[in-house]
Structures are given as structure tokens and as C-alpha cells.
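Along the sequence shown, the residues carry numbers beginning at 1.
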Amino acid sequence: MRRADVIVLGAGIVGVSVALHLQERGRSVLLVDRGEPGAETSHGNAGLIERSSVVPYAFPRDLRTLAAFASNRSIAVRYRPATLLRMAPWLARYWWNSAPERLDRLGRAILPLIERSIDEHRHWSGAAGTEALMRGEGWIELYQSSRVLEQAVRAAADLKAYGLAYDVLQPDQLSRLEPALLPGAAAGGLHWRDPVTVSDPGAVTRAYAALFTARGDVLTKADAGTLTGEAGAWRLPTDSGPWQAQEVVAALGPWSGDFCKHFGYRFPLGFKRGYHMHYEAPAGAQLHRPLCDAQAGLVLSRMERGIRLTTGIELAARDAPSDPWQLDRAERVARRIMPLGRRLDAEAWRGARPCLPDMLPIIGKAPRHPGLWFAFGHAHHGFTLGPATGRLLSEAMTGAPTFCDMTPFAADRF
């Protein structure tokens, strides 16, 4: 029986970050996953370290947007009717938490992690060799309608207190920044200059995992569902033999709910699924910054593999079969924004963002099991917040002062 101080379940960006931070604080750590590091949700995103996302993704409350989504013909939000019925209680709580006063409180709770997001990634970028994958040009929101652009500009002005840097772009300014844009691609845009983007988020996660093992701890394969024991004697069979540890961290992303049920916890974890596809970039049609069509709910990003088109939200069961409708229509819109060549992937990638109805993750100790800790439910911002979450949880686990109040993230709020 091999021993570690901590077993971290899940080698996505959150789990790898927790493992690295604990390792830096002198803990011996076993990091496990059923597959390869960064191969699931951490791989499939748009590659944004979203420093400017200081307001959580709220449930829409205006009738125009709700009517568009209810039609189920919106690219930004697609739903399976049967899933929508099952999710009704979850959606009701999400809507309730999206009221302005509650949204403001929730946004202030997550803000310290957002503010540290870039610094925490850069904490490892040199040692992990990921600097070449990171770009500091920010990203651009495109608007097809002048009216909606004006609304977005007013909303951006309301964020002045956060000190975010942005520029309002007219069509000619957009074309100078992004020459690949087609004529009439947008009525204007907002260039958010604070975020950092990466050209291969999965590779970044794998590089962090390689740094973890290079520093002397073990990464191996295991099934989190086979964990047994209790505080001080958690046991896990792995591909490298059986292990035992005093503490365990569950950072299993969309599969966290399955694991937690084994220990009697039932958290209201919902899923916002998304798809991506890569395309050839014709000569002279390269992107310098990610482009988000804010009305269509899609993002175009320059990746190592090609131009990645990432879709908006699909409300469906985590493991339900893929539906090509959303990606196909997003591609039609994307081809009106910039030239795209042939598809490069045999089939669309699909992932599930693990979401809680108050838009905050669960970070902290399990209420009834000493030695068991949680770190999941980061919704749209897992890649952004993974390293900051790792620091926060490692501080709590080692008895250090935490850089922010952890109460809003506590598991017992549910």
C-alpha cells in the first residue's frame, strides 16, 4: 500500500491546479483520472482566461430574450424539451438567483478568484513551458445590431468600478484589428483588453500535469468510484497499485455529482453542454484575437489545430447523444463573419459545463466527512478559475489564511 497525504480525483484544470498548489505547500499528492489530463471539459473550451467576466452568466430576465430562447431556434441556447422539464426546478433557482441584487452579491463573491485568474496561470507558465501558448491581446465581442451594441456599451460602462480596459469599435476599427473579417460582419464591437487567451487549453492543462510529475509526485489512472474509507484512511485502487491518503479532493467536473452520491450528498448540479469544431484558415485569414458573436452565442478562436468554433449552451442530459443542429447553424453564422475552410475534425467535440443554480462553484470541505474536500461546479469558467481555485483550496487544507472568504462556496449552502 503506497501512501500520500492527499489524493486528488480528477486531472482536469481544477484538479491539476489543486494538486500543484498542495505540492508547493509541502503535501505529497496522488493525482488520478480515468483518462488523460485535460482531455474532457478542460480541453474543449474557447481558450479564454476571462479576467473581464466579473458578472456571472445570469438567467435572462427580459421578455425579448426569453421569447427567443423559448422558440428553441436560438443558436445561443438550445434545449431538449424532456430535459427542460426535468431541469425546471433547477432553472427556477437559477432565475431567482439572477435577480439584480442577488447577482451583484454572487458576483462580488466570485470576484477575488476572477481577479487572480491570470496571475495564477502565469504562476506556472514559465516552469510549465506554456508561455508560447498564451496571448495577451484580449478578445472581441461582435454585435450585428447597432441597438444591441449601444446596450452593450452602456453595460460595459456600468463595470467602470472594476477597472476593466475595453474599447468600443466601429466597423472600420474592427477591420484594422482583424483584417480577416468579412465586409458587413458586424455593426461594431467591444474589445476587452484584460483577458489572456491560449491556443490549446488542453495542452496547457497537460503541461501543468507534467510539471506536477516532474516535481516528484504521481499521476496515474483510477476510477474515482472505487474510493473507500474515511478520514485518515482513504483507499483507492489505481493502475499503479493501491494507495492510501489522509485526505481526498473531488475535482471531477461534470462527474462530481455521481461521486458525491456515493457519500450521501445530492447537489443541484446541472449541465450546459457545448460543442466545438476546427476549420482550416485560408491563407491571409488568420485571427489575432478570439471573436465572440454575442447575439449568436458562438466564439471563434485561433488554436494550434486551426480555427475553433465553440457553440453556446445546450440544455441536455450530460451523456445524451450529440445533436448537430446548434453547431451547423453556428457554422453558417461564422462563415458570414470570416472565411473558414473545411472542417478538420471527423466529428464535433462535445462537453458538459458543470453548473450550480447560484452560479458559484463548490470549494471547501465536505459537511459530514472529515478529510473529504470538494472543488467543482465552475460552469463557464473552469479553465479561467482552475489555478485560483487550487490556491484557495490548498490554503484552506493547509491551515493558511485564505485569500478570500470561502463561505459563499461552501457545500452546506445546499
Side-chain angles (χ1 to χ4, degrees), residues 39-41 43-48 57 60 64-84 87 139-145 148 178 180-187 189 199-202 254 270-282 285-287 289-353 355 379-380:
E40 298 287 353
T41 316
H43 158 74
N45 56 75
L48 304 179
Y57 283 92
R64 182 193 294 263
T65 303
L66 287 171
F69 291 168
S71 71
N72 210 19
R73 304 295 294 176
S74 168
I75 298 173
V77 177
R78 176 82 168 161
Y79 61 86
R80 309 282 178 96
T83 303
L84 198 66
M87 289 185 70
W139 65 291
I140 296 174
E141 283 182 316
L142 301 177
Y143 292 91
Q144 307 301 325
S145 157
V148 180
E178 296 294 340
L181 285 174
L182 294 170
S199 57
D200 192 334
F271 305 105
K272 296 179 183 179
R273 302 204 316 180
Y275 299 84
H276 83 223
M277 173 62 66
H278 292 96
Y279 299 83
E280 278 187 339
Q286 288 294 336
L287 284 177
R289 302 156 193 83
L291 302 175
C292 171
D293 186 313
Q295 292 170 261
L298 62 87
V299 179
L300 289 162
S301 306
R302 187 182 83 213
M303 296 285 174
E304 296 295 299
R305 178 162 171 73
I307 302 298
R308 178 179 290 184
L309 169 61
T310 308
T311 66
I313 294 166
E314 182 191 37
L315 297 176
R318 183 191 62 200
D319 301 321
S322 297
D323 180 351
W325 188 94
Q326 201 171 23
L327 180 65
D328 290 346
R329 280 152 184 79
E331 180 181 319
R332 294 179 195 173
V333 174
R335 291 186 181 280
R336 296 197 293 267
I337 294 173
M338 67 168 292
L340 292 175
R342 65 184 179 90
R343 290 186 172 190
L344 297 176
D345 305 324
E347 59 183 25
W349 177 90
R350 187 193 78 228
R353 308 172 184 98
C355 305
H380 297 261

Quiz item: Charged N to carboxylate O below 4.0 Å: is that the case for D328 and R343?
Solution: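 Result for this pair is yes, salt bridge flagged.
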Heavy-atom pair with the smallest gap, counting every atom of [X] and [Y]:
X    : Y    : result
H43  : P201 : O-CG, 3.6 Å
P254 : R318 : O-NH1, 3.1 Å
I75  : A330 : CG2-CB, 3.8 Å
Y143 : A294 : CE2-CB, 3.5 Å
A334 : L340 : CB-CD1, 3.8 Å
P339 : P282 : O-CD, 3.6 Å

Do [X] and [Y] make a side-chain contact, defined as non-hydrogen atoms from C-beta onward lying under 4.5 Å apart?
X    : Y    : answer
R335 : Y279 : yes
R329 : R78  : no
N72  : L84  : no
L181 : I337 : yes
L300 : L309 : yes
Q144 : V333 : no
L287 : S301 : no
H380 : I313 : yes

Self-check item: Under 3.5 Å donor-acceptor, R302 side chain and I307 backbone
Solution: no
Quiz item: Looking only at atom types and distance, does a side-chain atom of R73 sit under 3.5 Å from a main-chain N or O of A68, one as donor and one as acceptor?
Solution: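 Absent.
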Quiz item: Given T310 and L298, is the side-chain contact (heavy atoms from CB on, under 4.5 Å) satisfied, shown in steps?
Solution: CA-CA 6 Å; T310 308; L298 62 87; over 6 Å; no
Practice problem: Show your working on side-chain contact (heavy atoms from CB on, under 4.5 Å) between E347 and Y275 and close with a plain yes or no. | Solution: CA-CA 10 Å; E347 59 183 25; Y275 299 84; over 6 Å; no
Quiz item: Residues in side-chain contact (heavy atoms from CB on, under 4.5 Å) with H278, at least two apart?
Solution: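 With sequence neighbours excluded, H278 shows a side-chain contact (heavy atoms from CB on, under 4.5 Å) to H276, M303, R305, R308, L344, D345, given in chain and number order.
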Quiz item: Got a sec, which residues hit side-chain contact (heavy atoms from CB on, under 4.5 Å) with A187, two or more places apart in sequence or on another chain?
Solution: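 Expected list: S146.
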Approximate separation, where rounding is to 0.5 Å, of [X] [atom1] and [Y] [atom2]:
X    : Y    : atom1 : atom2 : value
C292 : L142 : SG    : CG    : 7.5 Å
K272 : R353 : NZ    : CZ    : 8.0 Å
M338 : Q286 : CE    : CD    : 7.0 Å
Q326 : E331 : CD    : CD    : 13.5 Å
D200 : E304 : CG    : CD    : 6.0 Å
W349 : T41  : CH2   : OG1   : 5.5 Å

Practice problem: In sequence, state the C-alpha distance, the side-chain angles, and the governing distance for M87 and Y79, and then conclude on side-chain contact (heavy atoms from CB on, under 4.5 Å). | Solution: CA-CA 10 Å; M87 289 185 70; Y79 61 86; over 6 Å; no
Quiz item: Step by step, would you call R342 with E280 a salt bridge (Lys or Arg N to Asp or Glu O under 4.0 Å)?
Solution: CA-CA 6 Å; R342 65 184 179 90; E280 278 187 339; 3.1 Å; yes
